[in-house]
Amino acid sequence: MSTVHQPDLKDRPARLTVGVVGAGRVGPALAASLQLAGHRPVAVSGVSDVSRRRAEAMLPDVPLVSPAEVLQRADLVLLTVPDDALPGLVAGLAGTGAVRPGQLLVHTSGRYGAKVLDPALRAGALPLALHPAMTFTGTPVDVQRLAGCSFGVTAPEELRLAAEALVIEMGGEPEWISEENRPLYHAALALGSNHLVTLVAQAMELLRTAGVGAPDRMLGPLLGAALDNALRSGDAALTGPVARGDAGTVAAHITELRAHAPQTVAGYLAMARATADRALAAGLLKAELAEDLLGVLADGGQTDQGDDGTTGTEGNDR
């Protein structure tokens, strides 16, 4: 526990001046949402022309200044830079004396908890990790989408209420994440969100190759229902040839993918194996059907398919 004196938040003004260091997609949206709650954005920093234009569009009349000047002007500073840049930024700001005692310093990285802000804590800042579990577009629609968005919150215990209050003011729902669980939390979100985009993009490309004129319209209802069912029922929502144990169908899929989109085969096999494991554990995939299916997945679909729809691995006497 730090021995740095931390002012009583009850003594702070009800409304805060807000600064943003890193005008990417996240920072301006959070500052705009805090503005709606009555706080006052006073400074923003951005490096690229794109980030500067974004800041001007979402935070009009807020001056663009250096990171050090952002900290000089603001009571609450949002550090919204890429994960890998965050430790160096915090160390640099603290090392140059830019951090002021009693200043709320908030980062939005999913990977890190509050400890990454320790250099600023030693300078007297109040460290908060508030990660919005949402994909940002860098446009005003993000402010609306924050309503009901979950935030991963990590902070010293004495700042927990302050952190949760800020999230609520932005329209979000605070979810407490312990410091040690922060990397696992972030991995879970990346697995669900980032990989979903890859899967959807691949499915759309394959449908176009198959001659579908509007793959987005075809996938929308299907994926929407699948997501809703998965969130409601977990593994019980599994359907399709892998969960049913249709080894012949899976082998045919792999053959077509090798012919038309070989770059998708590795991902298909990996997800099919994971799906088979979960379907088996949930009792959805019958053990007697799993053997042939797992055999197809093990040899990457290099099978002969018989006239009766069964499969047999080349060189295998099964």
Side-chain angles (χ1 to χ4, degrees), residues 1-7 9 16 18-31 34 43-47 51 66-72 74-134 136 149-167 170 172 174-191 193-194:
M1 182 69 67
S2 170
T3 58
V4 175
H5 172 67
Q6 297 183 345
L9 290 177
L16 302 169
V18 178
V20 179
V21 176
R25 297 180 179 182
V26 178
L30 297 187
L34 287 169
V44 59
S45 72
V47 177
S51 66
S66 69
E69 192 168 350
V70 171
L71 269 71
Q72 185 178 21
D75 302 315
L76 165 62
V77 179
L78 303 172
L79 303 179
T80 52
V81 298
D83 289 358
D84 288 351
L86 182 61
L89 173 66
V90 175
L93 291 172
T96 57
V99 178
R100 293 186 286 110
Q103 191 168 46
L104 284 164
L105 212 57
V106 177
H107 81 71
T108 58
S109 166
R111 171 184 173 186
Y112 293 107
K115 285 188 67 64
V116 72
L117 298 173
D118 276 356
L121 173 65
R122 289 191 289 271
L126 308 178
L128 309 175
L130 308 179
H131 174 248
M134 188 180 87
F136 286 77
C149 169
S150 291
F151 279 65
V153 176
T154 306
E157 186 62 34
E158 60 270 25
L159 295 177
R160 179 168 180 164
L161 291 179
E164 293 176 347
L166 283 173
V167 169
M170 287 185 282
E175 185 71 41
W176 188 257
I177 308 295
S178 66
E179 185 78 33
E180 62 271 18
N181 284 335
R182 198 77 182 197
L184 180 61
Y185 153 81
H186 194 226
L189 294 181
L191 181 67
S193 175
N194 303 153

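Computed over heavy atoms, backbone and side chain alike; hydrogens, waters and symmetry mates excluded.
A 4.5 Å side-chain heavy-atom check between Asp118 and Pro127 finds every atom pair outside the cut-off. Side-chain contact between Leu76 and Leu34: present, with at least one pair of heavy atoms (C-beta onward) separated by less than 4.5 Å. Contact of the Thr108 side chain with the Phe136 side chain is not registered, since no non-hydrogen atoms from C-beta on lie closer than 4.5 Å. For the pair Val21/Leu71, a side-chain contact is recorded, criterion being any heavy-atom separation below 4.5 Å from C-beta on.
Taking CG of Leu159 as the reference point, atom CG of Leu121 lies at 9.0 Å (rounded to 0.5 Å). In this structure, CZ on Arg25 lies 11.0 Å from CE on Met134, to the nearest 0.5 angstrom. To the nearest 0.5 Å, the span separating CZ on Phe151 from CG on Leu128 amounts to 12.5 Å. Note that the CG atom of Leu184 and the CG atom of Leu189 stand 9.5 Å from one another [nearest 0.5 Å].
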Listing, residues 78-98 side-chain donor-acceptor contacts under 3.5 Å, not counting sequence neighbours, or none:
residue : atom : partner : partner atom : Å
Thr80   : OG1  : Gly22   : O            : 2.5
Asp83   : OD1  : Ser109  : OG           : 2.8
Asp84   : OD1  : Arg111  : NH1          : 3.1
Thr96   : OG1  : Gly92   : O            : 3.0
Thr96   : OG1  : Leu93   : O            : 3.2

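When all heavy atoms of Ser45 and Ser66 are compared, the pair lying nearest together is CB-C, 4.1 Å. Considering all non-hydrogen atoms of both residues, Gly152 and Ile177 come closest at CA-CG1, 3.9 Å. When all heavy atoms of Ala23 and Val44 are compared, the pair lying nearest together is CB-CG2, 4.0 Å. Val167 and Pro174 get closest at one heavy-atom pair: CG1-N, 3.6 Å.
Under the ring pair (Phe, Tyr, Trp, His ring centres under 6.0 Å) criterion, Tyr185 pairs with His131, sequence neighbours left out.
Within 6.0 Å of CZ on Arg100 lie more than 12 heavy atoms contributed by other residues, nucleotides or ligands.
Looking at Thr154, its side chain never comes within 3.5 Å of a backbone N or O of Ala114 through a donor-acceptor pair. In this structure, the side chain of His107 engages the main chain of Gly113 through a donor-acceptor pair within 3.5 Å.
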